[in-house]
Structure formats: C-alpha cells, structure tokens
Colleague: 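Please find one structure pasted underneath; my questions will follow.
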Amino acid sequence: MNVHLYEKLWMWASGVIIAVFVASILYTSTAQSLQPPSHVETIDPQTVRASAEFAQPAVVLHADGSATVHVLAMMFAFLPTEIRVPRGRPVTFRMTSPDVIHGFQIVNTNGNAMVVPGYITQFTTQFDTAGEYLIVCNEYCGLGHHGMYASLVVVDGLAADGGQEVAQ
Ligand code: CUA
C-alpha cells in the first residue's frame with residue numbers, strides 16, 4: 001500500500017500529540033499530585049440553613065492552630081462575609097449551597113472550588129502570606145452573581161481561645 005509522505009507525517013504527528021497529552025496527564029496526576037477533590041459528603045439542601053453546621057457558619061479554631069471554615073454559598077452572598085484564618089496553619093474549608101451551583105475562588109491563592117447544592121465541598125490549604133484576599137463566585141448563578149463576594153483575612157497569631165488575636 002502506498003501512503004503519501006504528508007499522510008504519514010500527519011499520522012505520526014497525531015500519534016505524538018496523543019502521547020504528549022497522555023504523558024502530561026500521568027505526570028500532573030502522579031508527580032504533581034494534581035487531583036480533583038475526592039471528598040464526597042451529601043447534605044439536604046432544603047434543610048441546610050437549619051443544620052447544626054451551616055445555620056451560623058463560622059470559623060472554628062482548633063487547639064493545634066489549624067482552622068475549619070464553614071461557609072454557606074447562596075444567592076448572592078457568602079456567609080460569613082469576612083473569614084479570618086491563621087497564617088501558616090492548615091485551613092479546611094467546608095462549604096455547601098442551599099440553592100444553585102456557586103464558585104468559591106480565593107483570588108491569588110490556590111483555593112478554588114465549586115459549591116454544589118446537596119454536597120459538602122471540602123478542601124484543605126494553607127496561607128503563608130498575611131493579608132486580605134478577595135473571595136469571588138466564579139460560577140454564573142443568577143442576576144446577582146457579580147455581587148457575590150467575601151473577604152479572607154489571613155492573620156498572624158490567631159489563637160484557639162475564642163478566636164482572639166494574641167499579643168505579638
Ligand atoms: Cu454565586 Cu455566581
């Protein structure tokens with residue numbers, strides 16, 4: 001069978017491109033541990049506003065210096081509107097929505113997740129630079145989407161005793 005030279009070149013080029021794609025997926029998923037969150041936990045979106053965890057969503061500081069942040073993402077706000085977390089300690093976010101899908105992106109950090117009604121989105125990260133960060137919804141969720149934001153304040157010396165800042 002006679003295959004034209006250009007036909008052969010394109011066949012090889014296609015094969016190489018596929019090999020590069022597969023290799024890059026394997027590399028990022030293994031060597032760089034770039035994986036989607038594996039946490040699957042469901043919650044009834046009809047009753048979530050009255051649930052123990054999300055009725056008064058807040059930051060909980062633990063004795064080891066880490067923090068758990070409970071967030072309700074809803075049309076068109078995040079609760080709490082200001083999230084204060086300790087610098088340089090593990091911070092676990094637990095979030096859900098009572099209405100539609102929202103995004104939760106902490107601008108200029110690696111914190112970025114989708115918040116889906118019926119599920120609890122959970123991820124843990126750490127903030128090494130103190131300061132104020134903007135949190136935005138990055139999933140179009142309705143007419144007030146552009147006004148759905150909150151702030152994350154990363155502070156030094158945030159202690160577990162009632163969330164008060166301790167003297168430096
Ligand atoms: Cu919530 Cu866009």
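Basis for what follows: all heavy atoms, side chains included, without hydrogens, waters or symmetry-related copies. Each ligand, and each atom within it, is numbered from 1 in the order the structure gives. These numbers come from a predicted model, not from an experiment.
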Colleague: To make sure I understand the geometry: which N, O or S atom in His145 is closest to atom 2 (Cu) of ligand 1?
Modeller: ND1
Colleague: Holding to salt bridge (Lys or Arg N to Asp or Glu O under 4.0 Å), I want the full list of residues that pass it with Glu82, two or more places apart in sequence or in another chain.
Modeller: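 Once residues adjacent in sequence are excluded, the partners of Glu82 under the salt bridge (Lys or Arg N to Asp or Glu O under 4.0 Å) criterion are Arg84.
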Colleague: Report the name of the N/O/S atom of His102 located nearest to atom 1 (Cu) of ligand 1.
Modeller: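 Of all N, O or S atoms in His102, atom 1 (Cu) of ligand 1 lies closest to ND1.
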Colleague: Can an N, O or S atom be found in Tyr140 less than 2.8 Å away from atom 1 (Cu) of ligand 1?
Modeller: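 Looking at Tyr140, which is the residue asked about, there is no N, O or S atom under 2.8 Å from atom 1 (Cu) of ligand 1.
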Colleague: Tell me, yes or no, whether the heavy-atom count around Met75 atom CE, taken from other residues, nucleotides or ligands under 6.0 Å, exceeds 12.
Modeller: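 Check passes, neighbour count above 12.
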Colleague: Against Thr125, only a single residue in Asn110, Thr109, Thr92 fulfils side chain to side chain donor-acceptor pair (under 3.5 Å); can you say which?
Modeller: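 That would be Asn110.
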Colleague: Once the angle between the rings of His70 and Phe54 is folded into 0 to 90°, is it parallel (under 30°), tilted (30 to 60°) or perpendicular (over 60°)?
Modeller: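 His70 and Phe54: perpendicular rings.
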Colleague: Could you report the tightest heavy-atom contact between Val85 and Leu158, atom names first, then the distance?
Modeller: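 Heavy atoms of Val85 and Leu158 come nearest at C-CD2, 3.5 Å.
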Colleague: Hey, what's the angle at atom 1 (Cu) of ligand 1 spanning SG (Cys141) and SG (Cys137), nearest 10 degrees?
Modeller: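 Taking atom 1 (Cu) of ligand 1 as the apex, the two atoms subtend 120°.
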Colleague: If you check every N/O/S atom of Glu139, which is the one nearest atom 2 (Cu) of ligand 1?
Modeller: O
